[in-house]
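Worksheet for the structure shown next.
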Amino acid sequence: MKTKVVLSAAIIILGAVATVAIGGIEESAACHHSEGIVIDYGSYDTVWMGVDFAEETDPVELLKRACEKNNATPTFEDGKLIEIIRDDDKTISNDSDHEWGLWYINKGGHDFKKSENYRINASDYNVVSWAYTVDGEKPTVAVDALGTSIYGYSQPGSVVTLSPLCAEIVASMNKESIITGREKSSDYPESIKNVSVVGTYTGPSYESIMSVKHDIVFCDGSVQAQREMARILRDSNVNSVVIYDAKTLRDVINNIFIVGTVTASDDRNAVINDINRILDDIKDKTRATEGYKTLVTLGFDPSPYVAGKYTYIDDLLIDANGSNAVGSGGWLKIAPEKLMEINPDCIIVIGSSGGYKERYEEMKGLLPLAWKATNAFKNDNMHLFAGKLGEKTQIAGPRIAQFAEILAKKVNPYAFKDNAPIPNGT
Amino acid sequence: MIIHSHNCHTDCDKIHSYNTESKRRLRVLVVAGVTITIVLALISLCIGSKTNIWVDDALSALISSMNKCGHDLTDKEMLIYKHRLPRAIAAITIGIGLSIAGAVYQAIIKNPLVEPYIMGVSSGAGTFVMAAMFTRFTFFGIFSVNDPIIIVMSAIVGGLLAFGCTMFIAKHAGEKSINYVLAGIVVGLIFSAIQSMLMIRTSIDVNNAFSWICGSFAYVSWDKMYLVLIPVITLSVIPLIWAEEFNLIVLGDDQATQMGMNVKMFNKMMLTIASILTAFCVAFCGIIGFIGLVIPHISRMLIGGDHRLVFPVSMIIGGSLLLSADLMSRTLLVGCELPVGIITTAIGVPIFAYLLIKRGYKYDKRQHFQV
C-alpha cells in the first residue's frame with residue numbers, strides 16, 4: 001500500500017509539473033497586429049497610415065509621414081502639436097475645449113492612455129494615435145472587444161457575420177453583397193436570406209465558417225461563444241473582429257465605426273453622421289419641452305424586464321428630454337410593486353414579432369393590476385413597438401436612429417409639430 | 001476431509017477459471033474498444049457538417065500538418081489539425097475522466113445511480129465557472145479576465161463545494177442508497193437557481209449561458225488542451241492503481257477495515273480526486289451529464305464487478321461514447337452545432353429511467369457490486 005501511495009503522489013506531482021511547464025510555453029492565439037499610426041480628427045473622422053516599424057518608431061516622425069501622405073500639414077510649437085491643416089484646407093487647431101495629444105493603447109489592453117510626452121516607441125504599443133479630443137474624453141475607438149487593433153486590414157472581398165447585428169452593420173456600409181456566411185436568424189436585409197448559414201447565435205460552426213470564403217469574420221462580443229470562436233479563428237489565421245456588447249449609444253456607434261473601418265467602407269462616416277444628425281435633431285426639437293417619465297419594457301409580464309440606466313434606451317430617453325422611470329442600471333426584472341411605485345407616465349412595450357400586434361387591445365385588457373394602476377395606463381399612454389419596429393429596437397444597430405425618432409415622438413409628443421399619430425402595434 | 005479437499009479444489013478451479021475468463025474478456029474488450037475508438041477518431045477527422053474528406057486525404061493532411069508543427073497549413077490541414085483533431089482528443093479525454101469519476105462515486109458511495117452530474121458536482125463546478133466568466137473575476141487583478149487558471153480553480157472550488165453539500169445532506173437524511181441521489185438532485189437544483197440568479201444579476205441572457213449549461217467541444221483549441229489532457233489523464237490513472245482497494249470497499253466498510261484499510265482516508269482521497277477530475281472536465285467544456293452514470297454500468301454488464309477490470313473498460317467505452325456524441329453534435333444539423341450535453345442526456349436519461357424502474361429495488365449497498 002505504501003508503494004501505491006508513493007506512486008500516486010508521484011503521478012500527481014508529475015502531472016502538475018507537466019501542466020505548469022507546458023502552460024508556460026504555450027503560445028496564445030495569433031492575432032492581427034498592424035504597424036502604423038492613427039490621426040484622429042474627432043467625431044469618428046480618423047485616418048490610418050501603415051508603416052514598417054523597422055523603418056521608424058518615433059511618433060512625431062510617423063505623424064509627419066502620415067500627414068505628407070495625406071496632403072496634410074502638422075504644426076508644432078515648442079515641441080507640441082498645435083494644429084493640422086488637412087488636405088481639404090480645414091484647420092484643426094487647439095482651442096479652449098479641444099487639444100491635440102499623443103495617445104496609446106498597451107499591448108493586450110483596451111483603453112487609451114495619454115502620453116505625457118512624445119518620446120515613446122510606437123512599436124511598444126498596440127495602437128498609437130494622434131487625437132484631437134475634448135478635455136476628459138478619449139480618442140475614437142481603435143480596438144475591438146478582444147483588444148485587437150481595427151486598423152491595417154486589407155479591404156475584404158468576403159465577410160462572414162455571426163449575428164444579426166453584424167450583418168445589419170455590414171449592410172449599412174453597402175457591403176451586403178460581400179457577405180458569404182450568416183448566422184441562422186439573420187434576415188436583414190432581405191438580400192442575405194440566401195447566403196449560407198454558418199451556425200446559430202450561440203453556436204457558430206467552425207467548419208461552416210471555414211467552408212465559405214472568409215476574408216473577415218465579424219463576431220458579436222455580447223455572446224461568450226462568439227468571443228471563443230474569434231479566438232479559435234485567429235488561431236487558424238482567419239481574421240476575426242469582435243464588436244462590442246452594445247450597452248450604450250456610444251457602443252452602438254463604435255460598432256458601426258469598427259465595421260466601417262475594417263471593411264474600408266466609404267460610407268462609414270456618412271452612416272455615423274446620419275445617426276448623429278437624427279439624434280441631434282431630436283435633442284434640438286425636444287430641448288424646450290419636458291418629456292414623460294417613461295418605462296421601456298420587454299413584453300407584458302407582471303414582472304417585466306425593463307431598460308434601466310446605462311443602456312442605449314436610457315440614452316435615447318435622455319436625448320428626447322424624457323426621463324427613465326427606472327433608477328437602477330442595466331436591463332433588469334422588476335416586481336409588480338416596483339412598477340406601481342415608479343408609476344411611469346408613459347410605457348413603451350417592445351414586443352417580439354409574433355402575436356402582440358394582433359392581440360394588443362386584448363392584452364391591454366388582461367394586464368395585471370400593477371400595470372393598470374400606473375398613470376401610463378390610466379392616461380392611455382401605453383405604446384407597443386412590435387414587428388419591424390420591435391426588431392429595430394432589439395438590434396442595436398444602424399436602424400436605431402429610426403427607433404430613436406419614433407421613441408422621441410412618444411416620449412415627448414408636444415415637441416414634434418408633425419406629430420402624426422403612429423398606430424399602436426406598428 | 002477428502003470431500004472437503006475435493007470441494008476446496010473445485011472452488012479454486014472455479015475462481016481460477018473465472019479469473020482467466022475475466023482476463024480474456026478484458027483483453028477482448030480492450031482490443032475491441034481501442035480499435036473502435038481509433039475508427040471513430042478517424043471518422044471524426046473525415047466527417048464534418050460541411051466538409052467530408054476521404055480517409056487517406058485526412059491521414060495525409062494530419063501527418064503533413066504535424067510535420068509542419070501546425071504552421072503554414074492548407075485549408076484541409078487547418079480543418080484537421082486545428083479543429084477536428086483537438087476536438088477528438090478532448091472528447092476522448094473527457095469521456096475517460098467522467099467515466100472514471102462516475103465509477104469511483106458509485107463504488108465509494110455504493111450506489112450505482114450516482115455520477116458527477118446527478119451528485120450536483122457538475123452543476124456546482126459549472127455555476128462557479130459561469131460566475132467567474134460573467135462577472136469577469138480576476139482574483140483581485142492577479143489574473144486576466146477568463147484566464148484558464150481562474151476558470152479551472154473556480155470549477156474545482158464549485159465542484160468540491162457541491163459535493164460536500166450533497167454528502168452532508170445525504171448523511172443527515174439517513175445515508176440510504178436513494179438519499180444520495182435525492183441529495184444530489186437537491187444540490188443540483190440549488191446551483192441551477194444560483195445560475196438563474198447570476199443571469200439576472202449580471203444581465204446575461206439565457207442564450208449566452210446556454211452553451212455552457214449544455215456542454216460543447218466547439219471551442220476546443222490546442223492552447224487550452226494541456227489544461228485538460230494532462231490533469232484528466234493523470235487523475236484517471238490514480239483509481240486504476242487502487243482498483244483492488246475499491247473491490248474491498250464494496251464489500252463493506254467493516255470488512256475493508258478488517259483487511260487493513262483506512263477506509264475513511266481512502267474514501268476522502270478518492271472522492272476528492274473524482275470531484276477534481278469532474279471539475280477539470282466541466283471547466284474545459286461545460287456540463288456534460290450521464291456519461292459517469294451510463295459507462296460504468298455498461299462496463300459491469302460486459303466485464304463484471306471487479307474494479308481492476310471495470311476501470312480500464314470504463315475508460316475505453318467512455319472515451320469512444322463521448323467521441324461519438326461529439327461527432328453527432330456537429331453533424332446532425334447541417335451548418336449548426338448542437339451542444340454535446342444534449343446528445344449525452346438523450347442517451348443517458350432513458351438508460352437512467354430503465355435502471356431506476358427495472359433495478360431500483362436491487363440497489364442495496366452491496367448486491368450490485370458483487371465481484
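Scope of the values below: all heavy atoms of this structure, side chains included, with no hydrogens, waters or symmetry mates.
- Comparing Ser208(A), Ser196(A), Pro204(A) by how many heavy-atom pairs each has under 4.5 Å with chain B, the most go to Ser208(A).
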Pairs of donor and acceptor atoms involving the side chains of residues 228-241 of chain B, under 3.5 Å and at least two apart or interchain, shall be tabulated with distances.
residue: Thr234(B); atom: OG1; partner: Ile230(B); partner atom: O; Å: 2.5
residue: Ser236(B); atom: OG; partner: Val232(B); partner atom: O; Å: 2.7

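- Heavy-atom distances place both the backbone and the side chain of Val5(A) under 4.5 Å from chain B.
- Residues Gln224(A) and Met130(B) are not in side-chain contact: their nearest non-hydrogen atoms beyond the backbone lie 4.5 Å or more apart.
- Across Ser8(A) and Trp242(B), no two heavy atoms sit closer than the pair OG-NE1, 2.8 Å.
- Atom NZ in Lys224(B) sits 6.5 Å away from atom CZ in Arg231(A) (nearest 0.5 Å).
- Residues of residues 209-218 of chain A that come within less than 4.5 angstrom of chain B, heavy atom to heavy atom, are Met210(A), Ser211(A) in numerical order.
- Smallest separation of non-hydrogen atoms from Tyr219(B) and Gly203(A): OH-CA, 3.8 Å.
- In this structure, Tyr244(A) has no ring-ring contact (aromatic ring centres under 6.0 Å, His included) partners at least two apart in sequence or on a different chain.
- For the atom pair CG (Asp223(B)) and CD1 (Ile232(A)), the distance works out to 7.0 Å, reported to the nearest 0.5 Å.
- To the nearest 0.5 Å, the span separating OG on Ser221(B) from CZ on Arg234(A) amounts to 13.0 Å.
- Using a 4.5 Å cut-off between non-hydrogen atoms, the part of residues 75-91 of chain B that approaches chain A consists of Met78(B), Leu79(B), Lys82(B), His83(B), Arg84(B).
- Within a 6.0 Å radius of NZ in Lys338(A), no more than 12 heavy atoms belonging to other residues, nucleotides or ligands are found.
- Remark: Asn237(A) CG to Leu73(B) CG distance equals 8.0 Å, nearest 0.5 Å.
- Atom NZ of Lys268(B) sits in a sparse spot, with 12 or fewer heavy atoms from other residues, nucleotides or ligands closer than 6.0 Å.
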